[in-house]
Amino acid sequence: MGSVLFTNVRIIDGSGAEPYIGEVLIQGNRIQRLTRGGRSQPATGATVIDAAGATLMPGMVEAHTHFSWNDAATLMEIQLMPLEEHVLWAASVAERYLKAGWTSCVGAACAKPRLDVVIRNAINEGLIPGPRYLAASQEITVAGALGDETLPHIPWPEFSFGVVVSGPEEMRKAVRMFLKYGVDQIKLNLSGDNFVPGARADTTWMTDEEVAIAVKETHMRGKRLSAHARSCASIKQAVRHGIEVIYHASFTDEEALDMLEATKDKHFVAPGIAILYAMLNEAEAWGITRKKATEMGYEIEWAAACESLRKMHKRGIRVLPGGDYGFAFTPHCQNARDLEFFVKYLGFTPMEALLSATKYGAQVMMKGDELGQIKEGYLADLLLVDGDPLTNLAILREPTRMLAVMKDGVFHKQPEIRAARSRFGLSAA
Ligand SMILES: [Zn+2]
């Protein structure tokens with residue numbers, strides 16, 4: 001592998017330090033040298049990228065990704081996509097995420113049993129381009145809860161969105177099946193969701209016996225779990241059982257916050273708040289008016305989630321971006337919008353929002369000591385961005401501002417330096 005020297009870059013290194021001008025030398029797939037200040041001699045044979053002051057930052061991590069969501073407005077429409085088309089779809093979405101600057105993604109459930117595993121393996125084998133990826137299971141759920149979507153005239157279980165279990169032994173069987181397939185993370189639907197008429201977001205569905213057996217089987221094999229947990233009781237259940245990744249976490253009380261804080265080094269919260277916002281404010285084209293969304297419970301959940309997540313952030317609980325992009329009203333690759341929402345509604349500074357996508361994102365990827373920062377020896381997942389994300393986070397979701405994307409030392413979006421130069425009013429070196 002060759003080497004690449006980024007020179008004349010404004011570095012946001014992902015440590016929390018203020019940005020500085022400097023140079024970064026990549027050798028193979030690692031960051032070899034990081035220097036502050038002006039031009040120094042490049043390593044012999046390095047490709048020199050003069051970035052004319054553009055921002056170099058660590059690649060972003062999406063903590064709650066669904067490659068198989070296919071821009072539909074309902075779970076059933078996602079599920080009815082035939083398998084062959086679905087594989088190609090998920091592969092194309094994976095590539096789009098990478099090019100949009102998401103160099104790592106955590107799978108939060110897929111729509112068919114082996115879909116995520118197959119995509120992850122294909123990425124790792126170099127068959128298709130995509131981010132570093134942790135593959136999820138389908139959603140495991142119980143009768144009547146989120147994920148138990150079956151069409152009345154197609155009652156066969158393989159057409160349900162999630163895997164529906166009843167009792168510890170069926171749970172064990174489902175979990176073992178997904179572990180056999182090779183998932184990195186088992187997904188349990190502990191709470192309801194306002195998407196589902198009979199199972200609102202503040203309701204809780206699984207017994208402790210079912211959750212316990214899932215956790216036991218998964219941890220025994222060194223794998224991790226995530227939970228769809230919107231209700232207060234389901235958040236506590238997730239913490240009690242040691243489920244590492246908690247999705248949504250909308251409704252809390254003091255006890256839930258205390259529990260989360262007490263084991264905050266263990267847990268990650270990825271709320272996916274964009275979908276709450278979109279359902280309330282932007283889903284009218286799909287028949288969900290503000291009035292309807294409010295009746296569905298989204299106004300109450302939005303207010304509760306903002307309050308809960310603000311408090312979590314204050315208590316130092318890791319709240320990460322990502323979640324439920326891939327529906328009609330939350331298009332794929334707009335995921336960086338979460339960072340804007342974190343600042344606007346959850347009390348983050350722009351730097352804290354960036355760290356949630358980089359330094360802390362690396363931790364949810366289980367690579368906190370070698371990913372998510374521009375630091376000597378770390379993996380070379382880097383973004384070259386036209387402009388300053390700290391003054392305008394919205395540029396992170398504009399394709400034209402993403403000048404280059406490097407993953408593992410390889411460009412997946414080639415640098416468009418000439419464009420950057422003219423925008424910065426500088427002449428070519
Ligand atoms: Zn989700």
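Ligands are counted one by one from 1 in listed order, and the atoms in each one are counted from 1 as well.
- The Zn ion (ligand 1) has no N, O or S atom of H228 under 2.8 Å away, backbone or side chain.
- Residue H248 does not count as close to the Zn ion (ligand 1), with no N, O or S atom under 2.8 Å.
- In terms of modelled atom types and a separation under 3.5 Å, the side chain of D193 and the main chain of V196 share no donor-acceptor contact.
- Donor-acceptor pairing under 3.5 Å is lacking for the side chains of H412 and E95.
- Within D324, the N, O or S atom lying nearest to the Zn ion (ligand 1) carries the name OD1.
- For H66 (side chain) and A109 (main-chain N/O), a donor-acceptor pair under 3.5 Å exists by modelled atom type.
- Looking only at its N/O/S atoms, H66 has NE2 as the one nearest to the Zn ion (ligand 1).
- Separation of the Y247 and H228 ring centroids does not fall under the 6.0 Å cut-off.
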